[in-house]
Amino acid sequence: MSNPATSEFRNHIAGEWTASLSGRTFANVNPADTRDIVGRFQASTLDDANAALAAASGAFAAWRRTPVVQRAKVLTGAAAWLEHHADVFAEELTREEGKPLAQSKDEILRSAQVLRFYAVEGQSFSGETFPSDDPDMTVHTQREPLGVVTVITPWNFPISIPARKIAPALIAGNTVIFKPSSDAPLIGYRLTEALVQAGIPAGVLNYITGRASEIGAALTEAPVVRAVSFTGSTAAGEQIHRAVPLTTRTQMELGGKNPLIVMDDADLDRAVDLTIKGGFSLTGQACTGTSRVLVMQNVREAFTDKLLAKVKQLKIGSGRTPGMDLGPLATQKQLDTVLAYIASGKAEATHLYGGERLSGPEYDHGYYVTPAIFTDVTQQMRICREEIFGPVIAIVTVTSYEDAIAKANDTEYGLSAAIVTANPRHMHRFAEDIEAGTVKINRTTTGNAINAPFGGLKRSSTSTFRESGRGGLEFYTQIKTVYRGI
Ligand code: NAD
């Protein structure tokens with residue numbers, strides 16, 4: 001499916017849709033059919049990054065003084081725009097990222113909901129008043145915006161992650177530079193467009209695309225940048241965290257190796273459904289995706305049989321074809337990485353199912369693999385330790401609750417973890433014993449509420465500030481303590 005009239009999409013800097021000063025663009029490719037170029041985007045350079053920094057810096061003084069009610073109107077206006085265009089934008093999101101259409105639409109509507117949430121929450125977010133020992137003096141804290149903030153996001157949730165970073169930043173009065181992933185930049189463009197048509201003033205939100213190696217350091221290390229909110233790989237996030245000036249706040253949401261524990265009192269059908277949903281939705285490319293399943297020895301066989309029977313029924317194909325369970329992997333790099341881990345799994349563990357690259361007219365031009373399951377996995381194996389970020393499940397046998405917790409915690413990551421059990425004591429203890437920022441009991445490792453804090457422990461996060469809910473607003477504001485006497 002060639003695309004003769006490929007559209008070119010521009011940066012949005014200082015209120016203008018501008019071409020990069022480099023004169024170069026790069027292609028956004030459809031992972032379901034690599035002959036289809038979704039669009040061409042600006043290959044920005046240092047000069048473009050500096051223009052975005054200057055624009056955001058120049059717009060801050062007026063935006064911070066804009067009444068919060070007016071800032072909220074911009075967010076709700078953008079939410080309405082996204083809702084109105086959800087079907088068209090969902091098509092575009094599926095075309096650039098690969099996920100099934102229904103999931104794309106959900107993500108867009110959820111992003112609109114996030115904008116609406118912060119439009120309301122931001123209006124009641126304020127400081128505190130403290131009792132004073134001086135009758136002629138009050139003591140209170142007030143919250144103010146930080147200034148210019150940079151938002152850097154991955155391709156797997158290319159609108160909901162930007163929305164949950166940009167909305168709290170804007171409502172709190174910050175100005176934003178937004179760099180989406182080069183592998184799915186179109187839906188971030190649509191989010192920017194939504195805020196622009198809702199009346200965001202020039203320079204308050206700047207959208208810039210390009211290679212991290214060309215513009216990443218400028219956008220994160222410039223002293224004018226007061227905060228960096230980043231979601232992506234642990235390697236990149238830790239590198240940015242180390243490189244920014246001491247005065248720059250960071251919020252880094254990074255990788256995971258998320259366990260799901262199946263106890264012997266669990267409803268095994270439910271455990272299988274939670275494994276499939278957590279492990280294979282988004283083709284295993286969710287940061288909170290289930291990648292290790294720790295199963296009690298006495299139910300392992302029964303669980304594995306049920307899992308295999310269901311996985312064999314999963315439908316794999318283009319996200320634009322109704323009824324597909326799994327779309328393609330998002331990029332060639334993803335495909336190569338996942339296939340390499342599958343080869344490693346075959347060498348070190350017992351290969352139970354899947355992991356083949358699919359071929360045939362429907363698949364030949366896309367990054368399709370069948371979901372893979374390995375068993376007899378032990379703690380030292382690479383498929384048990386390293387983030388794969390693909391549809392690969394490693395089954396580890398455990399002999400007790402304590403053994404399960406020890407193995408689940410034996411990882412450098414701590415993003416999300418789940419247990420399936422009917423035992424209230426294990427439910428209760430799990431929340432305390434597990435080393436993860438998101439703890440799920442009888443639910444999938446994936447998914448999080450927009451009004452509750454989200455983030456990881458250990459190397460899954462820098463453990464500075466949470467995002468989502470009020471945590472998002474805390475990150476983007478600083479506190480002054482004011483003593484006011486008469
Ligand atoms: P990535 O780290 O390659 O890229 C993420 C973003 O950072 C991209 O926009 C990229 O261009 C940019 N980037 C990379 N290096 C940079 C640098 N040095 N300076 C500035 N920007 C830089 O990650 P990815 O492949 O896009 O996404 C997959 C990863 O994201 C996985 O590790 C996954 O676990 C993680 N992730 C985490 C969460 C979470 O909330 N914890 C959510 C989604 C994805």
Side-chain angles (χ1 to χ4, degrees), residues 26 28 31 41 43-44 46 49 96-97 99 107 150-165 177-185 187-188 207-222 225 228-244 248 250-258 282-291 329-338 341 386-390 411-416 436-438 445-448 453-468 471-472:
F26 65 89
N28 176 14
F41 289 77
S44 304
L46 197 55
E96 70 173 341
E97 200 276 342
K99 66 181 71 175
E107 188 182 337
T150 294
V151 164
I152 298 181
T153 52
W155 44 263
N156 67 336
F157 289 106
I159 181 163
S160 64
I161 292 176
R164 78 175 180 228
K165 294 176 186 290
I177 299 168
F178 167 34
K179 193 206 88 60
S181 165
S182 301
D183 293 315
I187 198 69
Y207 164 93
I208 177 168
T209 53
R211 293 168 76 98
S213 55
E214 286 202 57
I215 57 174
L219 296 182
T220 53
E221 295 171 32
V225 174
V228 179
S229 183
F230 171 91
T231 298
S233 60
T234 296
E238 289 182 346
Q239 189 269 318
I240 296 169
H241 186 58
R242 278 193 297 270
V244 299
T248 304
T250 61
Q251 177 182 59
M252 302 279 156
E253 293 309 333
L254 311 173
K257 190 70 190 169
N258 311 297
L282 218 71
T283 319
Q285 303 169 115
C287 56
T288 49
T290 304
S291 65
L329 289 160
T331 62
Q332 178 73 49
K333 186 169 161 238
Q334 275 295 108
L335 178 69
D336 295 344
T337 307
V338 169
Y341 275 111
E386 298 173 19
E387 182 183 52
I388 300 173
F389 219 55
T411 168
E412 60 185 2
Y413 296 109
L415 189 55
S416 181
T438 304
T445 55
T446 48
N448 58 293
F454 173 73
L457 304 181
K458 297 156 86 176
R459 288 185 74 194
S460 290
S461 170
T462 43
S463 285
T464 45
F465 290 82
R466 287 289 183 248
E467 55 181 28
S468 238

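In each ligand, atom 1 is the first atom listed, and ligand 1 is the first ligand listed.
- At under 3.5 Å, not a single nitrogen or oxygen of T234, backbone or side chain, sits near a nitrogen or oxygen of ligand 1.
- The ligand atoms of ligand 1 that sit less than 4.0 angstrom from a heavy atom of I161 are 42 (C), 43 (C).
- Closest to atom 27 (O) of ligand 1 among all protein heavy atoms lies P154 CB, 3.4 Å.
- Side-chain atoms of K179 and S44 form no donor-acceptor pair, as typed in the model, at a separation below 3.5 Å.
- L415 CG to E387 CD: the interatomic distance, rounded to the nearest 0.5 Å, is 8.5 Å.
- The ligand atoms of ligand 1 that sit less than 4.0 angstrom from a heavy atom of R164 are 40 (O).
- Nearest protein heavy-atom neighbour of atom 42 (C) of ligand 1: C287 SG, 2.8 Å.
- Under the 4.5 Å side-chain criterion, counting only non-hydrogen atoms from C-beta, T248 is not in contact with E221.
- Contact annotation: F157 has no heavy atom less than 4.0 Å from any atom of ligand 1.
- Each of the atoms 6 (C), 8 (C), 9 (O) of ligand 1 lies under 4.0 Å from some heavy atom of T153.
- At least one donor-acceptor pair closer than 3.5 Å links the side chain of S460 to the backbone N or O of G255.
- The protein atom (non-hydrogen) at minimum distance from atom 12 (C) of ligand 1 is I152 CG2, 3.5 Å.
- Here the protein heavy atom with the shortest distance to atom 35 (C) of ligand 1 is G232 O, 3.1 Å.
- Atom OG1 of residue T446 and atom CG of residue L282 lie 9.5 Å apart, to the nearest 0.5 angstrom.
- On a distance-only criterion, K179 and ligand 1 share at least one N/O pair closer than 3.5 Å.
- Regarding atom 18 (N) of ligand 1, its nearest protein heavy-atom neighbour is Q239 OE1, 3.0 Å.
- The shortest N or O to N or O distance between L254 and ligand 1 is below 3.5 Å.
- For the pair I161/E253, no side-chain contact is recorded, criterion being any heavy-atom separation below 4.5 Å from C-beta on.
- Below 4.0 Å from some heavy atom of A236 lie the following atoms of ligand 1, by number and element: 2 (O), 14 (C), 15 (N).
- Atoms of ligand 1 found under 4.0 Å from any heavy atom of L415, numbered from 1 in the order shown, are 41 (N).
- Of the protein's heavy atoms, A212 CB, 3.5 Å lies nearest to atom 16 (C) of ligand 1.
- Nearest to atom 23 (O) of ligand 1 among the protein's heavy atoms is S233 N, 3.4 Å.
- For ligand 1, one of its N or O atoms has an N or O atom of E387 under 3.5 Å away.
- Taking every heavy atom of F454 and a limit of under 4.0 angstrom, the matching atoms of ligand 1 come to 40 (O).
- Judged by distance alone, the side chains of N156 and Q285 never bring a donor and an acceptor atom under 3.5 Å apart.
- Of the listed residues (L254, T150, T462), just one forms a side-chain contact (heavy atoms from CB on, under 4.5 Å) with F230, and that residue is L254.
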Problem - Step-by-step side-chain contact (heavy atoms from CB on, under 4.5 Å) determination, I187 to E107 - result: CA-CA 11 Å; I187 198 69; E107 188 182 337; 5.8 Å; no

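- The CZ atom of R466 sits 8.5 Å away from the CZ atom of F454 when rounded to the nearest 0.5 Å.
- Nearest protein neighbour of atom 24 (P) of ligand 1, counting heavy atoms only, is W155 NE1, 3.5 Å.
- Among all heavy-atom pairs drawn from P158 and P162, the shortest one is O-CG, 3.2 Å.
- Looking only at distances, no side-chain donor or acceptor of S416 sits under 3.5 Å from a matching main-chain atom of N258.
- Within the listing of ligand 1, atoms 9 (O) sit less than 4.0 angstrom from a heavy atom of P180.
- In this structure, E467 and S229 have side chains that are in contact, with non-hydrogen atoms separated by less than 4.5 Å.
- When T231, L282, I240 are ranked by how near their heavy atoms come to atom 5 (C) of ligand 1, first place goes to T231.
- Taking only nitrogen or oxygen atoms, main chain and side chain alike, S460 does not reach within less than 3.5 Å of ligand 1.
- No side-chain heavy atom of S291 sits less than 4.5 Å from a side-chain heavy atom of I388.
- Annotation for ligand 1: atoms under 4.0 Å from non-hydrogen atoms of N156 are 43 (C), 44 (C).
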